[in-house]
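Report on the following structure.
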Amino acid sequence: MKDNRLDFYKDFSITLFHWYSHNQRDLPWRHTQDPYKVWLSEIILQQTRVDQGMPYYYNFIESYPTVSSLANAHLDDVYKLWEGLGYYSRARNLHKAAKIVVEQFNGVFPNSYNGLITLPGIGDYTASAISSFCFNEVRPVLDGNVFRVISRLFGIKEPINKPASRKIFKDILNELIDKHSPASFNQAIMEFGAVHCKPKQPKCDECIFQEKCFAFSMNKQSDYPVKVKPKKSITRFFNYLIVGEGDDIWIKKRSNSGIWSNLHEFPLIEGQDIFNTELIDETVKIIKVSKATKHILSHQNIYAKFYRVKDVDASFLEGCIKVKKSSLPDYAMHRLMTRFLEEEQSFM
DNA sequence: AATACGGGGGA
DNA sequence: TCCCCAGTATT
């Protein structure tokens, strides 16, 4: 069964490369085999759309042209450049990996999958991408695009977000990948998934694989890929205290774990199942209160209120730092904070 | 094996 | 609303 299936697809790469040569986007990281730049692009693009990550890629290349310059940077500056992109552990691991490359590998990136995957922030996908793109190692990439393409072509119903399903896809890809052009194969199959075999409204009516695609032959494209429902999000209530006299303002760096780790924000009092209005009423003098705003994360729905207050008990400022309002832009913050600062100047 | 971890775009 | 995005680390 498996052999027949793969025989049927033995000219897959030729067809794919033909499509790729006519349809590929011009992306900056495709013009280089410098592992530093490829690595940077791959970390930025983890769970991130190309359009969203592109400006960050340019900013990082400009601020840190080499792995040494990144390794020598202050972590807080790296966070600042990452601000707004999300999944902030990527910024921490980016910096950590750069230091390892410089201090342990003499500034030279590992030139193999097995070496690359030892670096923090580099998992199976990223190690496969870098080792194939830069060193022509035969390592198939398996990202969201590839999952979708393979599941439709072969009619695979194993949920793509279950770890156990990975082997099924990897086995197929290891047969399918062009052993002579692993870099082009990986680029092409991801690009095909991104711009042609899209999640919604795939271009099946003009598809090079019409004859071969299981999903198309059954007219069941929308049934693939199969995915198990994610767990429901939890709800939290954040009360932010805006404290400070004159040009001074108090902020705090979040802990090294949990959401928004190591990013800055106003002193926070989290409510239990509702906003802590009573507690705040009794404890501080409220000058002004914002409306509740909803901020959505993958696993949490956060309702936030901002309170301009005075006469705050010192215990609320435990671990906080006093900074000038004008220097707030120097501190890396999460989107909930930057959005508030953009839109609610009247509180400052 | 399951869960945590952002933010934004598109239907 | 819901789904998805060039996934990884932790539990």
Side-chain angles (χ1 to χ4, degrees), chain A residues 24-25 27-30 38-57 79 82-94 96-97 116-130 132-133 139-149 151 158-167 169 183 185-195 197-202 222 224-234 236 254-263 294-302 332-339:
Chain A
Q24 63 176 294
R25 292 168 293 180
L27 303 175
W29 43 85
R30 288 188 180 151
V38 173
W39 167 67
L40 200 46
S41 73
E42 292 302 339
I43 302 299
I44 287 172
L45 292 174
Q46 287 169 4
Q47 292 292 284
T48 304
R49 288 169 298 103
V50 167
D51 289 345
Q52 189 184 2
M54 187 80 77
Y56 287 85
Y57 175 77
Y79 274 121
W82 200 269
E83 182 180 73
L85 196 56
Y87 283 171
Y88 295 93
S89 66
R90 288 184 291 173
R92 182 172 62 242
N93 286 330
L94 194 75
K96 191 187 292 183
L116 288 161
I117 205 167
T118 65
L119 292 171
I122 295 186
D124 173 67
Y125 163 78
T126 305
S128 299
I130 301 174
S132 64
F133 296 163
R139 296 278 185 177
V141 291
L142 185 47
D143 73 335
N145 295 309
V146 178
F147 267 122
R148 185 169 55 255
V149 171
S151 76
E158 275 77 7
I160 62 170
N161 53 349
K162 294 263 229 185
S165 306
R166 292 188 63 86
K167 178 169 166 41
F169 288 84
F185 179 91
N186 282 340
Q187 293 278 12
I189 193 170
M190 283 194 287
E191 188 77 344
F192 183 73
V195 311
C197 194
K198 300 178 294 182
K200 304 281 175 63
Q201 300 175 4
S222 59
Y224 299 92
V226 175
K227 209 170 197 177
V228 294
K229 293 278 184 192
K231 221 187 72 174
K232 232 187 74 178
S233 294
I234 63 171
R236 303 173 72 179
R254 289 183 65 87
S255 76
N256 194 33
S257 63
I259 61 168
W260 299 325
S261 64
N262 298 323
L263 299 192
K294 185 179 184 182
H295 188 89
I296 301 171
L297 282 58
S298 296
H299 295 75
Q300 302 185 13
N301 293 323
I302 295 169
M333 300 182 184
H334 47 77
R335 193 67 185 106
L336 175 55
M337 278 293 294
T338 58
R339 194 190 304 278

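Numbered from 1 within each chain, the chains take letters A, B, ... in sequence-line order. Predicted model only: the values in this text are computed from it and were never measured.
Between chain A and DNA chain C, the heavy-atom contact criterion of under 4.0 Å yields a 5' to 3' nucleotide range of C:dC3 to C:dA9. The footprint of chain A on DNA chain B, defined by a heavy-atom cutoff below 4.0 Å, extends from B:dA1 to B:dG9.
Checking A:Gln201 against A:His299, the closest nucleotide of DNA chain B that is more toward the 5' end is the one next to A:His299. If you find the closest nucleotide of DNA chain B to A:Ser261 and to A:Arg49, the one lying nearer the 5' end belongs to A:Ser261. Summary of the strand contacts: A:Arg30 and A:Pro230 both lie near DNA chain C, and taking for each the nucleotide with the nearest heavy atom, the more 5' one is attributed to A:Pro230.
Residues forming a salt bridge (Lys or Arg N to Asp or Glu O under 4.0 Å) with A:Lys229 (at least two apart in sequence, or on another chain): none. Remark: A:Tyr56 pairs with no residue by the side chain to side chain donor-acceptor pair (under 3.5 Å) rule, at least two apart or across chains. With sequence neighbours left out, A:Arg90 forms a salt bridge (Lys or Arg N to Asp or Glu O under 4.0 Å) with no residue at all. Annotation: salt bridge (Lys or Arg N to Asp or Glu O under 4.0 Å) contacts of A:Arg30 (sequence neighbours excluded): A:Glu191. Looking at residues two or more places apart in sequence or on another chain, you find no ring pair (Phe, Tyr, Trp, His ring centres under 6.0 Å) involving A:Tyr224. Applying the salt bridge (Lys or Arg N to Asp or Glu O under 4.0 Å) test to A:Arg339 and every residue at least two apart in sequence or in another chain returns nothing. Annotation: ring pair (Phe, Tyr, Trp, His ring centres under 6.0 Å) contacts of A:Phe169 (sequence neighbours excluded): A:Phe147.
A distance of 11.5 Å separates CG of A:Asp124 from CG of A:Leu116, quoted to the nearest 0.5 Å. The structure places CG of A:Asn93 at 15.0 Å from OH of A:Tyr88, a figure rounded to the nearest 0.5 Å. The distance from the CZ atom of A:Phe133 to the OG atom of A:Ser128 is 9.5 Å, given to the nearest 0.5 Å. Considering CG of A:Asp143 and CE of A:Met190, their distance stands at 5.5 Å, rounded to 0.5 Å. Going from atom OH of A:Tyr79 over to atom CG of A:Leu85 covers 13.0 Å, rounded to the nearest 0.5 Å. Atom CH2 of A:Trp82 sits about 12.0 Å away from atom CG of A:Leu263, to the nearest 0.5 Å.
No contact: A:Gly193 has no heavy atom under 4.0 Å from any strand. Contact annotation for A:Lys229: backbone-only contact, meaning every heavy-atom pair under 4.0 Å involves sugar-phosphate atoms and none involves a base. Using a 4.0 Å heavy-atom distance criterion, A:Ser89 is classed as making no nucleic acid contact. In this structure, A:Gly53 reaches neither bases nor backbone, as no heavy-atom distance under 4.0 Å exists between it and the strands shown. Using a 4.0 Å heavy-atom criterion, one finds that A:Arg25 contacts no nucleic acid atom at all. Counting non-hydrogen atoms under 4.0 angstrom, A:Trp29 reaches a base of the nucleic acid. Among the protein residues, A:Arg335 comes within range of the sugar-phosphate backbone only, with heavy atoms under 4.0 Å from sugar or phosphate atoms but none that close to a base. Within 4.0 Å (heavy atoms only), A:Gln300 reaches sugar-phosphate atoms of the nucleic acid but no base atom.
A heavy-atom distance below 4.5 Å is not found between the side chains of A:Val141 and A:Phe185.
Between C:dA6 and B:dA11, the distance separating the two P atoms is 15 Å to the nearest Å. Comparing B:dG6 with C:dT10, their P atoms are spaced 14 Å from each other, to the whole Å.
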Query raised in the report: In dot-bracket, 5' to 3', how would DNA chain B read with Watson-Crick or G-U wobble pairs under 3.5 Å, [ ] for crossing ones and | for pairs to another strand?
Result: |||||.|||||

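Listed by residue number, the members of residues 117-128 of chain A with any heavy atom below 4.0 angstrom from DNA chain B form an empty set. Of the residues in residues 158-167 of chain A, A:Lys162, A:Pro163, A:Ala164 come within less than 4.0 Å of DNA chain B through at least one heavy atom, sorted by number.
Side chain of A:Glu83 to backbone of A:Met333: a donor-acceptor contact under 3.5 angstrom is found. With A:Ser165 contributing its side chain and A:Ile160 its backbone, the two residues share no donor-acceptor pair below 3.5 Å.
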Requested in this report: List the steps, then state whether side-chain contact (heavy atoms from CB on, under 4.5 Å) holds for A:Ile259 with A:His299.
Outcome: CA-CA 10 Å; A:Ile259 61 168; A:His299 295 75; over 6 Å; no

